[in-house]
> 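My questions all concern the structure below.
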Amino acid sequence: MTSWSERAAAYEAACRLRRGDGSWSNDSLRQLADLYNIGYSTLRRWLKDGFPEPAAERGWMPTPEDYVAVATHLTVQEAWRERHDAGHVPVTYQTYCRRLKEVDRGLFESALHGHEALVRNRLYLIGKPLHRNHTWGFDHTELPVWVTIPRFKDPIKPWMTIVTDFYSRSLLSVMLIIGRPTAETVAAALTEAAVGRVYDGTFIGGLPVQVQYDNAKEHLGEVIAKGIARLGIVGVPIDNHAHWQNGQTETKVGLLQREALRGVPGVTLGGFTRSGTPRFMPPNRGDLWGIEKLARHLDEVRVHWNVGRVQGVLQGRAPVTKWLSDDTELVEIGEDSLVANMMKEGASHKILTKGVFFRNSYYTPVDDNHRAGEDVYVRYLERNADFIAISPTREFNHFTFAIHEDRITTANRVKLMQTRAKQEEMARRIDADATSRRLHGQAVSTDSEPTWSAVNDPADDWTPDGSSTSDRDHPAAVTQEPPSDLWGDIASGSAVDESTTPGAGEPEPEPDLTVTAAKSGPADQGSGSVTVINTERSRATPVHRRKAPLPPAPPRGEHPARTKARASRAADRVARRGLSTPKPPHPEEK
């Protein structure tokens, strides 16, 4: 029996054999009818009346109500019985099943098994990246293997994050995580992939054009969104519950698990025993791999995947060969810039003498410790308090890293001390040069005008015997008569009142520093000299300062507050009796 598609093909071939005058050759139509096993008269009738419609040719066709009946009963037999008893299905059960699958296999599987079956039974468009580093994808999975962790009591199952290039199908980054992945671990994986590595002399890395990821919580955080935006990367999240859009990464995760964990002790991929334990679980915990050994093993698998593993989808080539076949220019960036751009933004802080106080700790900028007192912007990792990034601008055009006070290494301390030593040496040189310039200016002014200057005051250079070095160098200054006004008397120390001069054996009184402004005479105004006031008798003579008398000591064994309270009560009693407290006699009356 000829199928409907073969009949349609015969009709189309007969239409192409039509002559210019609108007729057909009988011999050609007979040969065509024999080729497709169709009657000659039937072919002539189709050419005269037209090809019949599919529904009229094939008979009964299913409607959406038939798929609703299948989804309601979850069995095709019960759906056929309901529709057949109602008079809507005139065909047998076998024809009913065959027609439901022929019309739309996806709807039929979806009615029976749900949306997952619909996804498995429909067509997709293949998305092919244009060049290397065009599209990246990353995903996480919990590895089905038990490993030991130092200082952990029980074995754990670690998580793995991979980053892959869709064009060359290279594994750019493989990272093990103790605990669930976070936004910081995603940023670290992307940073490692962008920094890149060399495989057999070929560098694989650089910045991508776009990154594709699913809608996990750690992927949609502020760190990832702003981080890839700062680097000029386009984020392409897939639709909700549409894991097939990230199918290449999902497939690679499964392949990597099966190939990398083959033969590893503690793997749970081989099923379970009768007692419920994994088949390949060793009896002793010491036989399990440690997290460090598993990390080295995954690194070897990544190198083999990129260099030695040929793939049929790459026409029998390895990923590194596919990478070399494209000559698109790579966009490379430094590791420090990548780390700083993938960190979370914080508020501005001031650089104190101990560093930047952030999250209840001090962070020391080892490479940039000469900006004490400045305000800087901070970027940090949420779960890593070892370091932060600081910059004077919000755009982080120029930045440096500040290390936690408990994480400073010996090399960092040596570097900080070397920078401080250079700063000290530079300050000493500046002071020496400034002093030299001031002395040079003093010498020039002394040669031109033989008067004292405020720069080189003779009162600043004192000798043990009380005479200044300037007096010895300039004898004329010693014989010069001091001015006769009040300010000059105080400055020279000659204007002393004889009535207040202490006698022999009496202590020298305090000099009266409260000086009223004296009215200068006409000859003193505009003379151009600077008045010097000496508030001490002489620097060579020690100044005796009287101390304030101490209050009387309270009686032994009694608190001062109680003594004061007792005296207050006694004064109150005297006042109530109409008496007055006797006052101590005045010193003059005494």
> Is there side-chain contact between Phe358 and Ile390, with heavy atoms separated by less than 4.5 Å?
no
> Check step by step if side chain to side chain contact (heavy atoms under 4.5 Å, CB included) holds for Arg379 and Phe399.
CA-CA 10 Å; Arg379 289 182 183 175; Phe399 65 91; over 6 Å; no
> Assess whether a salt bridge exists between Asp299 and Arg302, defined as any Lys/Arg side-chain N lying under 4.0 Å from an Asp/Glu carboxylate O.
yes
> Contact between Glu192 and Arg197 at the side-chain level, heavy atoms closer than 4.5 Å - yes or no?
yes
> Working to the nearest 0.5 Å, report the span between CG of Asn246 and CD1 of Ile238.
5.0 Å
> Could you walk me through whether His134 and Gln210 pass the side chain to side chain contact (heavy atoms under 4.5 Å, CB included) check?
CA-CA 6 Å; His134 181 272; Gln210 61 182 12; 3.8 Å; yes
> Any donor-acceptor pair under 3.5 Å linking the side chain of Gln248 with the backbone of Arg169?
no
> If we only count heavy atoms from C-beta on, is the Ser173 to Thr161 side-chain gap below 4.5 Å?
no
> Is Thr364 reaching over with its side chain to a backbone N or O of Val366, donor-acceptor style, under 3.5 angstrom?
no
> Roughly how far, to the nearest 0.5 Å, is CD1 of Ile408 from NZ of Lys415?
12.5 Å
> Report yes if some heavy atom in the side chain of Val186 is under 4.5 Å from a heavy atom in the side chain of His140; otherwise report no.
yes
> Given 3.5 Å as the limit, does a donor-acceptor pair link the side chain of Arg407 with the main chain of Asp386, or not?
no
> If you look at every heavy atom in Pro265 and Asp287, which pair is closest and at what distance?
CG-O, 3.7 Å
> Nearest heavy-atom pair of Ala260 and His297: which atoms, and what distance?
O-NE2, 2.6 Å
> Quick check for you: to the nearest 0.5 Å, what is the distance between Ile388 atom CD1 and Phe401 atom CZ?
10.5 Å
> Measure the spacing between CD1 of Ile178 and CD1 of Ile149 and express it to the nearest 0.5 Å.
4.0 Å
> If we only count heavy atoms from C-beta on, is the Leu190 to Leu231 side-chain gap below 4.5 Å?
no
> How far apart are the closest heavy atoms of Ser170 and Ile204, and which atoms are they?
OG-CD1, 4.4 Å
> List the steps, then state whether side chain to side chain contact (heavy atoms under 4.5 Å, CB included) holds for Asp139 with Lys252.
CA-CA 10 Å; Asp139 200 4; Lys252 191 164 295 184; over 6 Å; no
> Looking at every heavy atom in both Gly235 and Tyr213, which two are closest together, and how far apart are they?
CA-OH, 3.9 Å
> Examine distances only and state if a side-chain atom of Ser436 and a backbone atom of Ala432 form a donor-acceptor pair shorter than 3.5 Å.
no
> Just by distance, do the side chain of Thr164 and the backbone of Thr249 share a donor-acceptor pair under 3.5 Å?
no
> Starting at CG of Leu207, measure out to CG of Leu330 and round the result to the nearest 0.5 Å.
10.0 Å
> Are Val174 and Trp305 side-chain neighbours, meaning at least one heavy-atom pair lies under 4.5 Å?
no
> For Thr268, is there any backbone N or O sitting under 3.5 Å from a side-chain donor or acceptor partner on Trp146?
no
> Ignoring hydrogens and geometry, is there a side-chain-to-backbone donor-acceptor pair from Lys354 to Glu405 under 3.5 Å?
no
> Can you check whether Tyr377's main-chain N or O pairs, donor with acceptor, with Arg394's side chain at less than 3.5 Å?
no
> Rounded to the nearest 0.5 Å, how far apart are CG of Leu172 and CH2 of Trp323?
6.5 Å
> Is Arg428 salt-bridged to Glu425, going by a charged N under 4.0 Å from an acidic O?
yes
> Minimum heavy-atom separation for Gly206 to Trp136, with atom names?
O-CH2, 3.1 Å
> Any sub-3.5 Å donor-acceptor pair from Asp165's side-chain atoms to Asn133's backbone N or O?
yes
> If you apply the rule side chain to side chain contact (heavy atoms under 4.5 Å, CB included), what do you find for His304 with Glu259, and how did you get there?
CA-CA 11 Å; His304 172 71; Glu259 295 185 9; 5.5 Å; no
> Less than 4.5 Å apart, side chain to side chain, heavy atoms only: is that true for Pro150 and Glu292?
yes
> Taking the side chain as every heavy atom from C-beta outward, state whether Thr182 and Thr185 have any pair of such atoms under 4.5 Å apart.
yes
> Taking Asn306 for its side chain and Val320 for its backbone only, find out whether a donor-acceptor pair lies under 3.5 Å.
no
